[in-house]
2 protein chains.
Amino acid sequence: MSRSTEPHRRVGRPPVTSRAQILTAARGLIDEVGWEKLTIRRLASEIGVGATTLYHHVRDKEELLFLLIYEYAEQIPHPELPSEPRERIITAAVALHDGLAAWPWAAEVLTTDGFIARLGDSFLWLVETILAGAVSAGCPPEQSVQIFRSIWYYTAGEIVVRAHTRHRKMNEQDPTHLNAYFGNADGPLRHPHLAAIADRWATLAGQDTFAQGLRAFVDGLLVQSLTKKTSGAPNSESN
Amino acid sequence: MSRSTEPHRRVGRPPVTSRAQILTAARGLIDEVGWEKLTIRRLASEIGVGATTLYHHVRDKEELLFLLIYEYAEQIPHPELPSEPRERIITAAVALHDGLAAWPWAAEVLTTDGFIARLGDSFLWLVETILAGAVSAGCPPEQSVQIFRSIWYYTAGEIVVRAHTRHRKMNEQDPTHLNAYFGNADGPLRHPHLAAIADRWATLAGQDTFAQGLRAFVDGLLVQSLTKKTSGAPNSESN
DNA sequence: CGAAATTTCGGAACGCGTTCTGAAATTAGC
DNA sequence: GCTAATTTCAGAACGCGTTCCGAAATTTCG
């Protein structure tokens with residue numbers, strides 16, 4: 001209707017802040033004090049408005065965090081894609097992972113309902129790339145979606161688990177750590193392999209094996225999809 | 001020290017409740033009103049004690065939920081294991097997944113720090129089985145741990161994402177659903193594969209493909225591990 | 001100019017998990 | 001028996017996210 005032609009000042013009390021200002025202030029506050037200390041009340045007083053005022057510009061805190069990721073994500077440049085479909089999938093999935101893992105609070109929002117669907121063009125392009133890669137590799141569209149979902153579970157799980165893992169220095173000095181649990185009384189008897197590796201567990205768990213696991217996963221998924229094709233008859237398995 | 005020989009009544013004010021009673025009451029409350037409505041205050045008043053009293057028997061709410069899972073988990077019977085190592089891994093991982101996914105609040109605790117290490121014998125036995133399966137298949141212990149970690153990321157991710165996905169009936173009636181996001185103006189231009197499958201996305205996302213994806217993952221992980229053996233030289237990849 | 005409609009603001013309040021602190025209830029020692 | 005030591009209890013309070021609702025500030029209409 002009335003667009004730029006008519007600078008119709010809107011009826012009602014004029015807003016004292018805006019979603020843009022809130023997001024900017026939130027970014028600043030996160031840079032200052034860290035995202036754990038970002039609270040609605042603190043953010044509001046930083047802007048100089050009442051706490052409840054923010055709820056007229058943002059549905060809730062979860063949406064606030066999502067919008068922060070959303071805005072940043074749109075600025076991420078698209079990675080160059082290799083020619084081979086399988087490598088394209090991996091490149092896109094790694095970009096998706098790294099893009100999200102870059103923000104420590106991503107884990108808070110990652111698993112919310114419909115997160116993928118709410119992603120912006122930049123991240124949707126990565127989803128599209130994964131789907132396209134699977135299709136290029138010979139998978140039917142339905143299975144391509146399932147391949148993406150599997151990759152997404154793996155990706156989200158890695159980010160969330162690692163985000164919740166305290167990155168204390170892997171000094172073996174901490175007796176309350178893994179060894180204390182794994183190495184209980186009859187551990188070596190009941191769980192020999194676990195006991196054998198218990199003292200190295202913390203070190204191994206600290207390594208970043210996302211990309212390596214992803215490669216294995218994509219290989220397995222493509223092999224599985226291309227082997228049984230679109231066999232309508234279910235396997236001998238439960239699902 | 002003084003055990004059953006001496007019924008030494010302990011010094012100090014006698015406790016009015018116990019961790020066992022708290023856990024029992026928590027289970028009852030969850031059965032009655034659902035785990036979302038389980039609050040510290042409500043649980044305390046259910047028992048008939050002050051809210052803060054619970055904190056002398058349980059560190060925090062997270063530990064309370066963890067203990068609930070822990071106790072249940074110990075009662076789970078061990079699944080029968082197939083003979084083939086690969087199938088043993090899958091059987092154990094599915095049991096781990098199903099055992100955790102059985103409690104809707106598992107997602108709240110799943111990703112907390114050191115969750116796996118704090119698991120009880122019953123679940124640790126599943127971890128042990130996965131490790132043993134990988135070793136039996138020919139993987140060195142270190143890579144077996146990485147294989148388990150990859151499986152765990154996938155498993156935890158699946159549970160957490162699905163737990164946070166509202167299971168609304170997949171009626172296409174809801175215009176605020178996926179299509180509304182995926183099918184935006186120039187969606188078909190920018191994301192053709194996404195647009196092509198958008199209307200079927202919700203249905204596909206509702207399917208349980210955990211076991212299928214797991215099979216692909218395990219296959220890929222074993223192939224990867226056995227192919228490059230314990231090559232000390234890193235790949236051409238970043239990691 | 002004044003009343004009505006409209007839109008936003010923000011203080012009060014709720015329930016939450018959690019911490020602090022002093023009171024209460026018990027045993028041990030004199 | 002009285003006091004001290006010990007252990008637990010629980011009310012008060014804090015900060016949090018969030019909701020409710022009346023007040024405030026603007027435009028529109030008569």
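We name chains A, B, ... by the order of the sequence lines, and we start the count at 1 in each one. The model shown is predicted, which means the values in this text are computed figures rather than measured ones.
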Please confirm whether the shortest side-chain N or O distance from A:Arg42 to OP1 or OP2 of D:dC16 is below 4.0 Å.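 So the side chain of A:Arg42 is outside the cut-off, no N or O lying under 4.0 Å from OP1 or OP2 of D:dC16.
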Does A:Arg10 have a side-chain nitrogen or oxygen under 4.0 Å from the phosphate oxygens OP1 or OP2 of C:dT8?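 Answer yes for this pair, as a side-chain N or O of A:Arg10 is under 4.0 Å from OP1 or OP2.
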Within this structure, what is the [atom1]-to-[atom2] distance between [X] and [N], rounded to whole angstrom?
X: B:His56; N: C:dT18; atom1: NE2; atom2: P; result: 14 Å
X: A:Tyr55; N: C:dG11; atom1: OH; atom2: P; result: 15 Å
X: B:Lys37; N: C:dC14; atom1: NZ; atom2: P; result: 18 Å
X: A:Arg19; N: C:dT8; atom1: CZ; atom2: P; result: 13 Å
X: A:Leu54; N: C:dG11; atom1: CG; atom2: C1'; result: 14 Å
X: A:Leu43; N: D:dG15; atom1: CG; atom2: C1'; result: 16 Å
X: B:Lys61; N: C:dT18; atom1: NZ; atom2: P; result: 8 Å
X: A:Gln21; N: C:dC9; atom1: CD; atom2: P; result: 10 Å

State, yes or no, whether a side-chain contact exists between B:Leu126 and B:Phe123 at a heavy-atom distance under 4.5 Å.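 Yes, at least one pair of side-chain atoms sits under 4.5 Å.
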Got a donor-acceptor contact below 3.5 angstrom from the B:Glu63 side chain to the B:Val58 backbone?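 No, the answer is negative, given that no donor and acceptor are paired below the 3.5 Å cut-off.
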Using atom types as modelled and distance alone, determine if a side-chain donor or acceptor of B:Ser45 lies under 3.5 Å from a backbone N or O of B:Gly48.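 Such a contact is absent between B:Ser45 side chain and B:Gly48 backbone.
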Describe, in one word, how the ring planes of B:Tyr153 and A:Tyr154 are oriented to each other, choosing from parallel (under 30°), tilted (30 to 60°) and perpendicular (over 60°).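 B:Tyr153 vs A:Tyr154 ring planes: tilted.
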According to the interplanar angle, ranging from 0 to 90°, do the rings of B:Phe115 and B:Trp152 count as parallel (below 30°), tilted (30 to 60°) or perpendicular (above 60°)?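 Rings of B:Phe115 and B:Trp152: parallel, under 30°.
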Contact class for [X] (heavy atom, under 4.0 Å): base, sugar-phosphate, or nothing?
X: A:Gly12; value: base
X: B:Thr17; value: sugar-phosphate
X: A:Thr39; value: sugar-phosphate

Selection from [options] that lies nearest to any side-chain heavy atom of [X]:
X: B:Thr52; options: C:dA12, D:dA24, C:dT19; result: C:dT19
X: B:Val11; options: C:dT6, D:dA25, D:dT6; result: D:dT6
X: B:Arg41; options: C:dC16, C:dT19, D:dT6; result: C:dC16
X: A:Arg13; options: D:dA10, C:dA25, C:dT7; result: C:dT7
X: A:Asp60; options: D:dT18, C:dT27, C:dT8; result: D:dT18

Helical bend (five base pairs per end, nearest 10°) for the helix from C:dC1-D:dG30 to C:dC30-D:dG1: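 Comparing the axis at each end, I get an angle of 40°.
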Judged by each residue's nearest nucleotide on DNA chain C, which is more toward the 5′ side, A:Thr53 or B:Ile40?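 Going by which nucleotide is closer to the 5' end, it is A:Thr53.
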Can you find a side-chain donor-acceptor pair between B:Gln212 and A:Gln146 that sits under 3.5 Å?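 No - no donor-acceptor pair under 3.5 Å links their side chains.
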Among B:Thr39, B:Ile47, B:Leu43, find the one that has a side-chain contact (heavy atoms from CB on, under 4.5 Å) with B:Leu29.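 When side-chain contact (heavy atoms from CB on, under 4.5 Å) is applied between B:Leu29 and each of B:Thr39, B:Ile47, B:Leu43, only B:Leu43 qualifies.
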Give me the atom names and distance for the closest heavy-atom approach of A:Ala205 to B:Arg149.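 Smallest heavy-atom distance, with atoms named: O-NH2, 3.2 Å.
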